[in-house]
Amino acid sequence: MEATSDMLPLIVALPFLGALLPGIVIRAGRDTCTWFTLFPTALALLMLLLHAPGVMAGEVYHWRLDWLPGLGLDANFFLDGLGLLFAGLILGIGLLIILYARFYLSKNDPMGQFFTYLLLFQGAMVGIVLSDNILLLLIFWELTSLSSFLLIGYWNHLPEGRQGARMALAVTGMGGLAMIGGMLILGEIAGSYDISVILQHKDAIQASDWYLPALLLILLGCFTKSAQFPFHFWLPHAMAAPTPVSAYLHSATMVKAGLFLMARLWPVLSGTPEWFYIVATTGLITMVIAAVIALFKDDLKGLLAFSTVSHLGLITMLLGFGTEAAALVAVFHIINHASFKAALFMTAGIVDHEAHTRDIKRLGGLRHLMPVTFVIATITALSMAGIPPLNGFISKEMMLKETTYAAWAGNPWLVPALATFGALFSVAYSFRYIWHVFMGPVRDDYPARPHDPGFGMWAGPALLAAIVVGIGVAPFVVEPFVNVVAGAVTGAPQDTHLKLWHGVNAALFMSIAAILGGALLLASHRALEAGWLRAGPPAAKAIFDAIVGAATRAARGLTDGLHDGSLTRFSAIFVVTVTLAGAIAWSTGEIGAPSRATLPIAIVPLIATVLLVGATLCLVAFHRNRLLALVLIGVVGLTVAVGFAYFSAPDLAMTQLSVEVVTIILLLLALNFLPRETPRESSGARRLRDGVLAVAGGGAVAALAYAMMTRDFALPSISSYHLANSYKGGGGTNVVNVILVDFRGFDTYGEIIVLGIAALVIFALTQTVLRGAGGRFLESQGRPGGEAGDRHPLMMVVATRVMMPMALMVGVYIFLRGHNEPGGGFIAGLIVAIALLMQYMASGFAWAEARQRVPYHSTIALGVLIATATGIGAWFNGVPFLTSAHDYFTVPGIAELHLSTAVAFDVGVFLTVLGAVMLALWSLSRMARRTGEPVNVEPMDVNPAADAASSREG
Amino acid sequence: MELLVAIAIGVMTAAGIYLVLRQRTFPAILGVALLSYAVNVFLFTSGRLALDMPPVLVGDEYATGTYADPLPQALVLTAIVISFGMTAVVVLMALGAYLSSRTDRSDIGGEAESEARP
C-alpha cells in the first residue's frame with residue numbers, strides 16, 4: 001500500500017532547523033538550551049509515531065520533490081518498517097541522550113555547541129534512513145561523517161579527541177567515497193536512483209557484470225561506517241568523545257548506518273555467493289576478533305567499543321547469511337543491541353563522571369556505593385552476555401540457531417563453532433564489566449568518592465534497562481513490529497513467533513557452553529591477560545599513522561617539488577607545460593588550409609607595428625630603469641588602443657585609453673616607494689633559459705593567432721543573433737554595449753562584483769601593510785620628496801579646475817550615448833575617475849579628500865546594489881533576473897527619450913568602476929601620507945588670491 | 001595585416017613571459033601588464049580583423065558581414081577593466097611585500113638563492 005505524507009520532509013528538517021537554536025539560547029541558561037534541543041527532537045519523534053499505526057498496517061509513506069531531475073537527484077523520502085525502526089531509534093535514544101548530556105557536560109563545556117552538533121548529526125541520520133534516493137542518501141551519509149567528526153572532536157583541547165576525530169573522518173570518509181562510486185553503478189544498472197525502484201530490479205542487478213564492483217564499493221562504505229574488520233580500529237579511538245556521543249553515535253545510531261544500508265539493499269544485493277562469502281565472513285571475523293580484544297580492554301569505554309564492534313559483526317554476519325529468517329534475527333538484534341548498549345555506555349559515563357576514572361583496574365566494589373547504577377549496569381550487561389530472561393538472550397539464541405544452517409565452503413560446523421567461540425568471549429567481557437567494576441571489596445583509592453548521580457542522569461539508562469527486561473519477558477509485545485521491519489528488509493511478509501523458550505536444541509547447548517566457558521575465561525582472566533600482553537597484538541593506530549604519514553610525505557614531496565614558493569620557478573613550469581601542450585595539440589590535430597583572404601598591409605599599421613614591437617623590445621632591454629620602463633609600457637598600451645580603433649572597435653579603444661591612464665598613474669604612485677632600478681642579478685645562462693622560454697611561448701601564440709585569423713569560423717557564430725536582436729530586443733544600436741548590459745548582463749554583473757572585490761582587497765592590503773612592519777618602515781623612511789620644486793604647481797591646479805566640469809560633462813555624455821554609440825558605463829566611469837584624479841594630482845590627495853563627501857567603499861556598494869536592484873526588478877515583470885525592458889517616451893520640447901532598465905544597470909557599472917579605481921589609487925596615496933607628507937591647506941603652492949588678501953591685511 | 005597583428009601579439013607575449021620570469025616584483029608586474037595586452041588583443045582577433053565596420057547598427061541593416069564581430073569586443077572590454085583591477089592588486093601585493101620585508105625580490109629561497117650567487 002502506498003500513501004503520501006507531507007510530514008516526512010519535516011521529520012528530517014526539524015533537527016536541522018532545531019540545530020540553529022541551542023547555540024543561541026545557551027545564553028538563556030543550560031536548562032533552556034536543553035529544552036530547546038529536546039523540543040525539535042520530541043516533535044520529530046511525535047510526527048514519526050503518528051505514522052506508526054499505518055506502517056504497522058503495511059502502509060509505505062512517500063513524499064517526492066524534484067530537485068535536480070537531470071542528475072537523478074531528487075528529494076524523495078519514504079517511510080516503511082525499516083525506516084520507522086531506525087528513525088525511532090535515532091530520535092528516541094536521541095531524547096534520552098540529550099537529557100543525559102545535560103547532566104553529563106560540565107559547566108566549562110560549551111553546551112550550545114554540543115547540542116547544535118548533536119542535532120545536525122540527528123538530522124543527517126534521520127535523512128539517511130528516510131531517503132528514497134540514493135544520491136540524497138549519500139549527501140546525508142557524508143553529513144553524518146562530518147557532524148560525527150565535530151562531535152568526536154568536541155573536546156578539541158585533548159589530543160586524543162582530535163586524533164580520534166581525524167581517524168574516524170578519514171576512515172568513514174574514504175568508505176563514503178567508495179560508496180558514491182558503488183551507488184552510481186547501482187543506479188546506472190537499475191536505471192533510477194530511487195531506492196524503491198532499485199529494489200524492484202534484483203535480477204537485472206545480480207545478472208550485471210557490474211554487480212561485483214558495485215557490491216564491493218558499497219560494502220566498503222558500509223564496513224567502514226559500521227567498523228567491520230579490518231576497518232574496526234577507528235571506533236575505539238573515537239571513544240575520546242564525551243560519553244553521550246559514544247552512547248549515541250557509537251552504539252545506537254551512526255555505526256548502525258552501515259547495517260541499515262545493508263538491510264535496505266538486502267533484497268537486491270543478497271542471496272549470491274559473493275554476498276554470503278564477503279558479508280558473512282567479514283561479520284564473523286569481526287565478531288570473534290573484537291570479542292577477544294574487548295576482554296583485554298581495561299578502559300570501560302574501550303571494552304564497550306570493542307563489544308559494539310563485535311555485535312555489529314554479529315548483525316553483519318546475520319545479514320550476510322542471506323536468508324529471511326536470519327535477516328529477521330538481525331533486525332531483532334539491532335533493537336536489542338541498541339537498548340542494552342546505549343544504557344551500558346551511559347552507565348560507563350556515570351562511573352567515569354562520579355569516580356573520575358574508567359580504568360577497570362582502578363575500580364571495583366561499586367555496588368555498595370552506586371546501587372542504582374549497579375542494577376542498571378548488571379541488567380544490561382547480562383543481556384549483552386545473553387542470559388535469560390533478557391532480550392539479549394532471545395536474539396543470541398536465534399542467532400546461534402541460524403549459524404547451524406550456514407555452511408561455509410561446504411563445512412557445516414565452522415560457522416557455528418566460531419560463533420560460539422565469539423559468544424563465549426562476549427559472555428566473558430560482559431561478566432567482567434559487572435565483576436571487576438561493581439563486585440569485589442570497596443576500595444579506598446578511587447580518584448573521587450563515587451555515588452549515584454541525580455535522577456536526570458540515570459533516568460535514561462533505567463528506561464532502557466526496563467525495555468531490556470520487558471522485551472525479554474514478553475517478546476510477543478515487539479513481535480508484530482519485528483515482523484513488519486523484517487518484512488520491509490526482505491520484501492516478503494514475515495510471521496515469526498518470538499519466544500523466550502525455544503526448547504532443548506543445538507542453540508541452547510551452544511548458549512550453555514558459551515556461558516560456562518565465559519565464566520571460566522573470566523576466572524582465569526589474570527593469566528590470560530599476561531599471555532595476551534606477551535603476544536603483543538599489532539596496534540592498529542600505529543599502522544594507520546604510518547599509512548597516513550607516508551601519504552602526507554608523498555603529497556608534500558610532489559607539491560613542494562612543483563611549488564616551492566618560487567614565483568619564477570612555477571611561472572617557468574607553467575610556460576613550459578602550456579607551450580608543450582599547445583605543441584602536442586598542434587602536431588597531432590588537423591588544421592585546414594587558410595580559408596580567409598587576408599587584408600593588405602597598409603603603411604600606417606606597419607608604422608604602428610614597428611612602434612609597438614620597438615617599444616616592447618626596448619622595454620625588455622631597458623626594464624632595469626623602472627621609470628623609463630613605465631614610459632615604454634605606456635607607448636605599448638596606447639598603440640594597442642589605436643589598434644583597437646583602427647580595427648573597428650571604438651569601445652575598446654576608449655576603454656583601453658582610459659585604463660592606460662589610470663594604470664600608469666597607479667604604477668607611478670607605486671614606484672614612489674619601490675627602488676628606482678632593478679639590479680642585474682640573473683646569470684647569463686638563466687637569461688638565456690628565460691629568453692628561450694619567452695621566444696617559444698611568444699612564437700607559439702603568434703602562430704596560433706595567425707592561424708586563427710586566416711581561417712573562418714569552424715562553427716556558425718552567435719554574433720549574428722546579437723546583431724539582429726540588439727535593436728529589436730535590447731533597444732540599442734551599439735551592439736557591444738547592449739551585449740554588456742543586456743545579452744550578457746549577468747557576466748557583467750559578475751565582473752563589476754569582481755572589480756569591487758579587487759578594490760576592497762587593495763584597501764584591506766593597504767590597511768594590513770600600514771598597521772604592520774610596512775607602516776613602520778614608511779615612517780622611518782620619511783617623505784621621498786625633494787625632487788620637484790613645486791608639489792602643487794599653480795598652472796596645473798588652474799588647468800585641472802577648468803577641465804573638471806568639462807571632463808565630467810564628457811563623462812555624462814559618453815555614458816548617456818553608450819547604448820547607441822560607442823561609450824557606456826565602463827568608459828564613463830573611467831573618464832570621471834580620471835577627472836577626479838587630476839584634482840588629486842594637482843592639489844594632493846589629502847587636500848582633495850578633505851573636500852570629498854562620499855567614501856569610495858559606498859560608491860562601489862551602491863553600484864553593485866543598483867545593478868542588483870535592476871536585476872531583481874525583472875522578477876516583478878515575471879521574467880528572469882536581469883531581463884531588461886525598454887520603451888520610448890517623448891518629452892515635449894526636448895526630444896524623443898529612450899528609457900531602458902539597462903541604463904539603470906549601466907549606472908551600477910559606472911559607479912562600481914568609478915569607486916573601484918578611486919579606492920585603489922586612494923589606498924596608495926595613504927601610504928604616501930604615512931611617510932609624513934604634509935597636508936597642504938592651500939590648493940596650490942603659490943596662491944595669488946591668498947597672497948593678495950594677506951598683503952592687504954598686512 | 002593579419003601577420004602584423006600576429007607578430008605584435010607574439011612579441012608582447014614573449015616580452016611578458018621574459019619579464020614575469022625576472023626575480024624582482026616590478027618587472028614581473030610589467031610582464032603581467034604586457035601579457036594582459038597580448039591576451040586581450042588575441043581574444044579580440046578571435047572575431048577576425050575588420051576595417052571601418054564598427055558594430056554600431058546603421059539603419060535597418062543587421063547582416064553579419066557588414067559589422068565587426070561584437071561579441072569578442074564585449075568580452076575584451078570587461079577584460080581590460082578587470083586586468084586593471086588585477087594589476088592594481090598585484091601592485092599592492094608587491095608594494096606590501098617590499099615595505100614589510102624591505103626587499104622586492106619575488107623569490108625568497110628556492111631557485112633564487114642558488115642563482116643569486118655570482
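Just so it is clear: chains get the letters A, B, ... in the order the sequence lines come, proteins before strands, and each one is counted from 1.
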Whatever's closer than 4.5 Å to a heavy atom in chain A on B/Asp104 counts as side chain
Looking only at B/Leu3, B/Ile80, B/Ile9, B/Thr13, the option with the highest number of non-hydrogen pairs under 4.5 Å against chain A is B/Ile80
Under 4.5 Å to a heavy atom of chain B? For A/Leu770 that would be neither
* **Test log, rule side chain to side chain contact (heavy atoms under 4.5 Å, CB included), inputs B/Leu71 and A/Tyr721** => CA-CA 10 Å; B/Leu71 199 56; A/Tyr721 171 83; over 6 Å; no
The interface call for A/Leu674 against chain B, heavy-atom contacts under 4.5 Å, is both
### Message
For B/Tyr98 and A/Phe673, I'd like to know if the aromatic rings sit close, meaning centre-to-centre distance below 6.0 Å.
### Response
no
Practice prompt. Might you work through the side chain to side chain donor-acceptor pair (under 3.5 Å) test for A/Ser682 and B/Arg22, ending with a clear yes or no?
Written response: CA-CA 8 Å; A/Ser682 298; B/Arg22 305 279 48 82; 3.2 Å; yes
Honestly, the part of A/Phe713 sitting under 4.5 Å from a heavy atom of chain B is both
Applying a strict 4.5 Å limit to non-hydrogen atoms, the region of A/Ser658 in contact with chain B is neither
Cut-off 4.5 Å, heavy atoms of chain B, and the answer for A/Ala670 is both
Applying a strict 4.5 Å limit to non-hydrogen atoms, the region of A/Val735 in contact with chain B is both
Bottom line for B/Val20: the part with an atom under 4.5 Å from chain A's heavy atoms is both
Okay, A/Thr609 and chain B: the region with an atom under 4.5 Å from a heavy atom over there is side chain
Item checked: Under 3.5 Å donor-acceptor, B/Ser106 side chain and A/Leu567 backbone -> no
Bottom line for A/Val662: the part with an atom under 4.5 Å from chain B's heavy atoms is both
Okay, B/Phe42 and chain A: the region with an atom under 4.5 Å from a heavy atom over there is both
Note: vs chain A, highest number of non-hydrogen pairs under 4.5 angstrom among B/Pro27, B/Ala28, B/Ala79, B/Ala97 is B/Pro27
Bottom line for A/Pro605: the part with an atom under 4.5 Å from chain B's heavy atoms is both
